[in-house]
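First the structure, in the form of structure tokens, and then the observations on it.
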Amino acid sequence: SDAQIPVIDLADPDRAAVVARIGDACRTHGFFQVLNHGVPAELTQAMLAVAYDFFRLPAEEKAKLYSDDPAKKMRLSTSFNVRKETVHNWRDYLRLHCHPLEQYVPEWPQNPPSFRETVSSYCVEVRKLGFRLYGAISQSLGLEEGYMERTLGEQEQHMAVNFYPRCPAPELTYGLPAHTDPNALTILLMDQQVAGLQVRRYADGSWIAVNPRPNALVINIGDQLQALSNGRYKSVWHRAVVNSDRPRMSVASFLCPCNDARIGPAAELVAHDSPAVYRDYTYAEYYAKFWSRNLDQEHCLDLFRTSS
Ligand code: AKG
């Protein structure tokens, strides 16, 4: 279909209009693209280039980093949950914890030689963008600008560097099957040459392709913002398809509440005619639940609904 997710120019001087567009996008799609987002184009290009260089390293060198233990703070892995799933996904990925950087960078790959420096700089810029978006998202819900930042606590930041090799039979699997993101906000840097991301429209369940757009970043609402917004904003299903012609890369940055953050609908968004849709829980509880499941199950947040 020709439907597209909204594209929002963050440099538009009309702040109220930008906030309104973001609110609209979060309500109707749960996804939007941003332009003039402050992450320099040279840095996004360098990030993608170093990601490709990493996955071009000899298999024996990469194998040393392999682990399928989700508790590890740095690991190279494949598929999603290789121990549990029946159909594997056509994806290899490097997962990194990124905040605080000085704690984690010493564990990161030293090869390619520019990896640590490029990825660290990218993480810093993406985090700044994420906090700017939290401000706008809070305001778009009628909350004070600092609401999300305060409620989510001293936030963690994770990264998935997703590499989807050429797939000889792309109709048999996905790069990543449909899932929603368990964190608060995701900032996705997509391959500029090869498309693959598809987003499920909340309105009618149809899938729309998100085509790469020069220098744009893709933003999506994770499960935690759906909970905080009392269901007004949507953490929607999305997936990555693969193809037989070309490999593809994507770099997903996940801003996550701290483990002991208490998450639940904002008091300001709960009223007699809009009761709390979700119960309160800690992020640690949610995250453990998410990783204990496969991706082909119901929306994880449905397990945290109030019983009424
Ligand atoms: C994820 O890493 O959670 C994604 O959804 C990546 C999607 C993509 O590769 O475009």
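Starting from 1, each residue takes its place in the sequence as its number. Counting starts at 1 for both ligands and their atoms, following the listed order.
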Exercise. If you look at every heavy atom in V194 and R248, which pair is closest and at what distance?
Worked result: O-NE, 3.3 Å
Exercise. A184 and Y134: which non-hydrogen atoms are nearest, and at how many Å?
Worked result: CB-OH, 3.4 Å
Between the side chain of [X] and the main-chain N/O of [Y], is any donor-acceptor distance below 3.5 Å?
X: R200; Y: W207; value: no
X: Q226; Y: S235; value: yes
X: N230; Y: L269; value: yes
X: R83; Y: D69; value: no

Those atoms of ligand 1 less than 4.0 Å from some heavy atom in [X]:
X: H238; result: 5 (O)
X: D181; result: 3 (O)
X: L188; result: 10 (O)
X: A252; result: 2 (O)
X: L197; result: 7 (C), 10 (O)
X: R248; result: 8 (C), 9 (O), 10 (O)

Problem set entry | ligand 1 contacted by Y164 (non-hydrogen, < 4.0 Å) | yes
For this session: Measure the distances from the heavy atoms of R239 to every atom of ligand 1 and state whether one is below 4.0 angstrom.
Result: no
Protein heavy-atom partner closest to [atom] - residue, atom, separation in Å:
atom: atom 3 (O) of ligand 1; answer: H179 NE2, 3.0 Å
atom: atom 8 (C) of ligand 1; answer: S250 OG, 3.4 Å
atom: atom 1 (C) of ligand 1; answer: L176 CD1, 3.5 Å

Seminar exercise, completed: Honestly, for F254 the part within reach of ligand 1 (heavy atoms, under 4.0 Å) is side chain
Problem set entry | Single hit among R239, Q198, R91 for side-chain hydrogen bond (donor to acceptor under 3.5 Å, both in side chains) with Y174 | R239
Exercise. Got more than 12 heavy atoms from elsewhere within 6.0 Å of NZ, K62?
Worked result: yes
For this session: Give me the one residue out of S79, P170, P165 that meets side-chain contact (heavy atoms from CB on, under 4.5 Å) with W90.
Result: P165
For this session: Using distance alone, determine whether N162 and ligand 1 share an N or O pair under 3.5 Å.
Result: yes
